[in-house]
Participant: 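Here it is, the structure, as structure tokens.
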2 protein chains.
Amino acid sequence: MGATKTDHFTEQQNQIATIAKALGHPARIAIIEYLLKVDACICSDIVDELPLAQPTVSQHLKELKNAGLIKGNIEGNAICYCIDEKTFNILKEYFGKIILTVTNQKCC
Amino acid sequence: MGATKTDHFTEQQNQIATIAKALGHPARIAIIEYLLKVDACICSDIVDELPLAQPTVSQHLKELKNAGLIKGNIEGNAICYCIDEKTFNILKEYFGKIILTVTNQKCC
DNA sequence: AATAATAATCGTAATATTGCGATATTAAAA
DNA sequence: TTTTAATATCGCAATATTACGATTATTATT
């Protein structure tokens with residue numbers, strides 16, 4: 001095996017898992033933090049910032065983009081990547097709801 | 001390759017990535033949601049709830065526990081797993097901060 | 001003590017991810 | 001138009017994850 005049984009779970013469960021998975025790598029967290037810091041970005045900057053080769057960074061950017069966490073605009077012969085607020089809001093609301101529910105619980 | 005270069009990133013980046021990674025699977029999201037719903041839990045219940053075999057569920061529970069997202073208390077011959085609020089709060093605060101920063105940005 | 005029930009661990013096959021060198025692709029600059 | 005710069009894609013090796021059958025603790029019940 002090795003393949004996730006995606007079709008057995010709800011659409012929302014898969015959605016949250018996909019977003020979380022995309023954030024499940026320190027390089028991708030570092031990319032997000034760098035984009036926040038510079039408030040505008042070109043990929044080569046990120047390559048300089050990270051301890052990873054250009055193809056690797058490109059791959060991480062692609063995964064963040066697929067998960068909807070960043071968006072890329074072509075800008076001359078470079079590409080401007082930025083945070084996609086929408087998707088982070090989905091996470092924030094989801095975890096907010098979890099914490100609300102937990103604080104009302106009386107289990108352990 | 002295949003091994004993540006953990007040592008090149010900050011401790012916080014690794015921490016957030018580890019937590020996010022643990023949530024990066026729909027089965028583990030489903031487990032969290034089930035624990036929220038029943039407000040007390042035994043592993044066999046989860047096995048009945050999920051489309052996965054007992055060893056697989058046990059493995060997912062272990063990963064959630066390692067990431068600090070749930071904690072398990074022995075309760076008779078069964079085990080009571082529950083949400084660990086602390087770790088969810090780390091996430092909530094982290095994403096809250098990101099969203100605050102993003103809304104002040106003017107990039108794309 | 002023997003049995004049953006619950007959950008963890010082991011071993012292993014299938015698949016996915018990570019990382020990067022080599023090679024495209026694309027668009028500005030000379 | 002050739003060259004240069006910035007990114008993306010391909011292909012592959014190393015490693016990690018997912019899933020589960022078989023087995024092993026561990027504890028309750030009989």
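To find a chain, count down the sequence lines: A is the first, B the second, and so on, and within it residues start at 1.
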Participant: Pick from A:Ile31, A:Leu61, A:Asp45: which one makes a side-chain contact (heavy atoms from CB on, under 4.5 Å) with A:Tyr81?
Facilitator: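 With A:Tyr81 as partner, A:Ile31, A:Leu61, A:Asp45 yield a single side-chain contact (heavy atoms from CB on, under 4.5 Å), made by A:Leu61.
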Participant: Does B:His60 have a side-chain nitrogen or oxygen under 4.0 Å from the phosphate oxygens OP1 or OP2 of D:dA19?
Facilitator: yes
Participant: Rounded to whole Å, please give me the gap between CD1 in B:Ile42 and C1' in C:dA7.
Facilitator: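 These atoms are roughly 11 Å apart.
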Participant: How many whole angstroms separate atom NZ of A:Lys62 from atom C1' of D:dC10?
Facilitator: 10 Å
Participant: Of the nucleotides C:dT18, D:dT9, C:dT9, which has the atom closest to the A:Gln59 side chain?
Facilitator: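 Among the listed nucleotides, the one closest to the side chain of A:Gln59 is C:dT18.
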Participant: Among C:dC20, C:dT9, D:dA19, find the nucleotide with the atom closest to the side chain of A:Thr56.
Facilitator: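 Nearest to the side-chain atoms of A:Thr56, counting from C-beta on, is C:dC20.
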Participant: What's the CG-C1' distance between A:Leu52 and D:dA8, to the nearest Å?
Facilitator: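 Value for this atom pair: 16 Å.
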Participant: Between the side chains of A:Lys92 and A:Glu85, is the shortest nitrogen-to-carboxylate-oxygen separation below 4.0 Å, so that they form an ion pair?
Facilitator: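 No, this pair does not count.
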Participant: Would you tell me if any nitrogen or oxygen in the side chain of B:Tyr81 comes within less than 4.0 Å of OP1 or OP2 on C:dT6?
Facilitator: no
Participant: Which heavy atom of B:Cys41 sits nearest to which heavy atom of B:Tyr34, and what is that distance?
Facilitator: SG-CE2, 3.7 Å
Participant: Do A:Asn14 side-chain atoms and A:Thr6 backbone N/O form a donor-acceptor pair below 3.5 Å?
Facilitator: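 Such a contact is found between A:Asn14 side chain and A:Thr6 backbone.
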Participant: Could you tell me whether A:Glu33 and B:Lys97 have a side-chain N and a carboxylate O separated by less than 4.0 Å?
Facilitator: no
Participant: Does anything in residues 50-63 of chain A form a side-chain hydrogen bond (donor to acceptor under 3.5 Å, both in side chains)? List the pairs, not counting sequence neighbours.
Facilitator: A:Arg28-A:His60, A:Arg28-A:Glu63
Participant: With the threshold set at under 4.0 Å for non-hydrogen atoms, list the residues of residues 17-30 of chain A touching DNA chain D in residue-number order.
Facilitator: none
Participant: As a test of reading the structure: which of D:dA19, D:dC20, D:dA6 is closest to the side chain of A:Ser44, going by heavy atoms?
Facilitator: D:dA6
Participant: Of all the choices, D:dC20, C:dC20, D:dT18, which nucleotide is nearest to the side chain of A:Pro55 once you look at every atom?
Facilitator: C:dC20
Participant: Measure the distance from CD on B:Glu63 to P on C:dA16 and round it to the nearest whole Å.
Facilitator: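 So the two atoms are 17 Å apart, to the nearest Å.
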Participant: Can you measure A:Leu61 atom CG to C:dT18 atom C1' for me and round it to whole angstrom units?
Facilitator: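 About 15 Å, once rounded to whole Å.
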Participant: Take atom CG of A:Asn66 and atom P of C:dT17, then tell me their distance rounded to the nearest Å.
Facilitator: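 These atoms are roughly 11 Å apart.
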Participant: Quick one: B:Gln54 CD to D:dT18 P, roughly how many Å, whole number?
Facilitator: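 In whole Å, D:dT18 P lies 17 Å from B:Gln54 CD.
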Participant: Return the nearest nucleotide to the side chain of A:Thr4; candidates are D:dA19, D:dA6, C:dA8.
Facilitator: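 It is D:dA19.
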Participant: Send over the distance from B:Asp48 CG to C:dA7 P, rounded to a whole Å.
Facilitator: 10 Å
Participant: Any donor-acceptor pair under 3.5 Å linking the side chain of A:Thr101 with the backbone of B:Leu36?
Facilitator: no
